[in-house]
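Report on one structure; see the data block that follows.
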Amino acid sequence: MEKIWLKQYPAGVPAEVKTDVYPTLVTLIEESFRKHRDAAAYKFMGRSISFGEVDDASRALAAWLQGSGLERGDRVAVMMPNVPQYPVAVAAILRAGLVVVNVNPLYTPRELEHQLKDSGAKAIVILENFAATLQQVADHVPTKKVLLASMGDMLGLIKGTLVNHVVRRVKKMVPAFSLPSAVRFNDALAQGRRMSYTSPKLGPDDIAVLQYTGGTTGVSKGAVLLHRNLVANILQSEAWYQPALKKIPSGEQIVTVCALPLYHIFGFNTNMMLGLRMGGCNLLIANPRDIPAVLKELAAQPFHSFPAVNTLFTALANHPDFDKVDWSHLKISVGGGMAVTQGTARLWLEKTGCPICEGYGLSETSPSATCNPVDATTYSGTIGLPMPNTELKLLDDDGHEVPMGTAGEIAIRGPQVMAGYWQRPDETAKVMTADGFFRTGDIGIVDERGYFRIVDRKKDMILVSGFNVYPNEIEDVLSGMPGVLECAAVGIPDEKAGEAVKVVLVKKDPAVTEADVRAFCEANLTGYKRPKVVEFRTELPKTPVGKILRRELRDARR
């Protein structure tokens, strides 16, 4: 496809960005530590943590990791919400020459076991709130080194002790656990400061991150993101943001709201990595579901940038405390992870004066592939234009490009596209074309200006609040439930989450109830994967060869 979209680029945004200026993420990170040493990199629970502090702590932790017997290329899982230990751990893992494996802290034991086994993670950095989950699978996974963080680790002795007391004793947010060989995060830092650190010889083609995404087979797969993939996407995003960033007064540090989970690729690169690159400060929000607490945090200081999913924009804009926040400094709101709805976009613009610029990307594209211009003044209803250095085309089922105005599968080529799926060449072959395009499974259409719009999904994936849910995984779990003969999972429209999960089951045992199904799902599936609607039928619609017709169940709605 001819790059018709380039004519729509805002002034000052280049068609191509030089992406090889940093050979690795480590080079980029360490430059930022030097340049912005005294500036605040993160704010959490009222405390500022400087770039220099993150530099010193991550260097000490990198030395500890190297000294604990881990070797270059070994995988280290990180299972924490948005706490300051997260960016410290990520920087340390990369600086030690190791590979980051992002893990959702709300995973059930089954989900955690799969990811630790599949990645072969030899170590894990985990917040103690989730240690009980790890304990349940500890004997079955290769992950033998455990670094145990506490909520207050980086808040100083007095405040940290108080926060830990409240979290453990008052709010009772730390279930009992036993991990006898675990090392406390702050102990590892203290030990690491006395150890020698060796800078690893890394290159652009070394693996930086395994970012797990659902699979059409129901098995979660690790997207292999190389150092050059992530560096490229940071620099692409920085170039794209320039028209909005120029509106921030000269000399003023950019402050970004970090409510997106950092273990999700959107938050990982758009908040943490881009923030490091630009010398910005991230306001860490540990629990974005607590809307009053989020608004209280936002009322405490001015901020300029707010990347989020539609559900969070909606919840905030409709909350009675919304007007207690000063939104006048907000220069860029980026919506991603799920579709931004027209109603939410209109309300957000009306209340903040800052339009939501919708973007689009996937774990496999590090993540940003397209975005609306950040100097736009209205909601476009599209996913925008391809980013610099990025090509999109629309393909039919045979891999041929479709004519303008015809819907086809969105395929993406650019320096941010993954190297493949971890140890799954068969799955990689299904999504990569011979000429280097990644087939997304999303059906799109492009207009004469080069703006793309998603119209459908080729895959049966369900998108719940920006998280991918694959029906096969839910079906695999429920088919293992005693008393269930067969089942199917589909997505249904949901006002809050965009989509929700509906399961339709055929009983083997008449005594099975909806409550039984929900309890089984709670034990085996993390929250966003659990069904909102449970329906029982005597049989499921099928093709002549016996394949379940999910589309028929979807069309039947509830």
### Query
Would you call Lys117-Glu113 a salt bridge at under 4.0 Å N-O?
yes
### Message
If we count only N and O atoms by modelled type, under 3.5 Å, do the side chains of Asn233 and Gln236 hold a donor and an acceptor together?
### Response
yes
### Query
Any ring-ring contact (aromatic ring centres under 6.0 Å, His included) pairs touching residues 265-288, not counting sequence neighbours?
none
### Task
For Asp321, check salt bridge (charged side-chain N to carboxylate O under 4.0 Å, His left out) against everything at least two apart and list the hits.
Lys324
### Task
In sequence, state the C-alpha distance, the side-chain angles, and the governing distance for Thr341 and Thr344, and then conclude on side chain to side chain donor-acceptor pair (under 3.5 Å).
CA-CA 5 Å; Thr341 60; Thr344 295; 3.0 Å; yes
### Query
With sequence neighbours left out, which residue pairs that include part of residues 103-112 fulfil the side chain to side chain donor-acceptor pair (under 3.5 Å) condition?
Asn104-Tyr263, Thr108-Glu111, Arg110-Glu473, Glu111-Lys529
### Message
Pairing donors with acceptors under 3.5 angstrom, does anything connect the side chains of Arg168 and Ser150?
### Response
yes
### Query
Can the ring centroids of Phe467 and His264 be said to lie less than 6.0 angstrom from one another?
yes
Could you pull out every donor-acceptor pair under 3.5 Å between side chains of residues 284-303 and any protein atom, sequence neighbours left out?
| unit_1 | atom_1 | unit_2 | atom_2 | d |
| --- | --- | --- | --- | --- |
| Asn287 | OD1 | Arg289 | N | 3.2 |
| Asp290 | OD1 | Ala293 | N | 3.3 |
| Gln301 | OE1 | Lys43 | NZ | 2.9 |

#### Entry: Pair Ser333-Trp348, side-chain donor/acceptor within less than 3.5 Å
yes
### Task
Output yes when Lys144 and Asp139 qualify as a salt bridge under the 4.0 Å nitrogen-oxygen rule, no when they do not.
no
### Query
Should the pair Arg184-Asp153 be classified as a salt bridge under the 4.0 Å nitrogen-to-oxygen rule?
no
### Side-chain donor-acceptor contact under 3.5 Å, Asn229 with Gln416
no
### Task
Inspect the surroundings of CD in Glu252 and state if more than 12 heavy atoms from other residues, nucleotides or ligands are less than 6.0 Å away.
yes
### Query
Any side chain to side chain donor-acceptor pair (under 3.5 Å) pairs touching residues 53-65, not counting sequence neighbours?
Arg37-Asp55, Arg37-Asp56, Arg47-Glu53, Asp55-Arg95, Ser58-Arg95, Trp64-Gln191
### Task
Can you sort out the partners of Tyr86 under ring-ring contact (aromatic ring centres under 6.0 Å, His included), two or more places apart, ordered by chain and number?
none
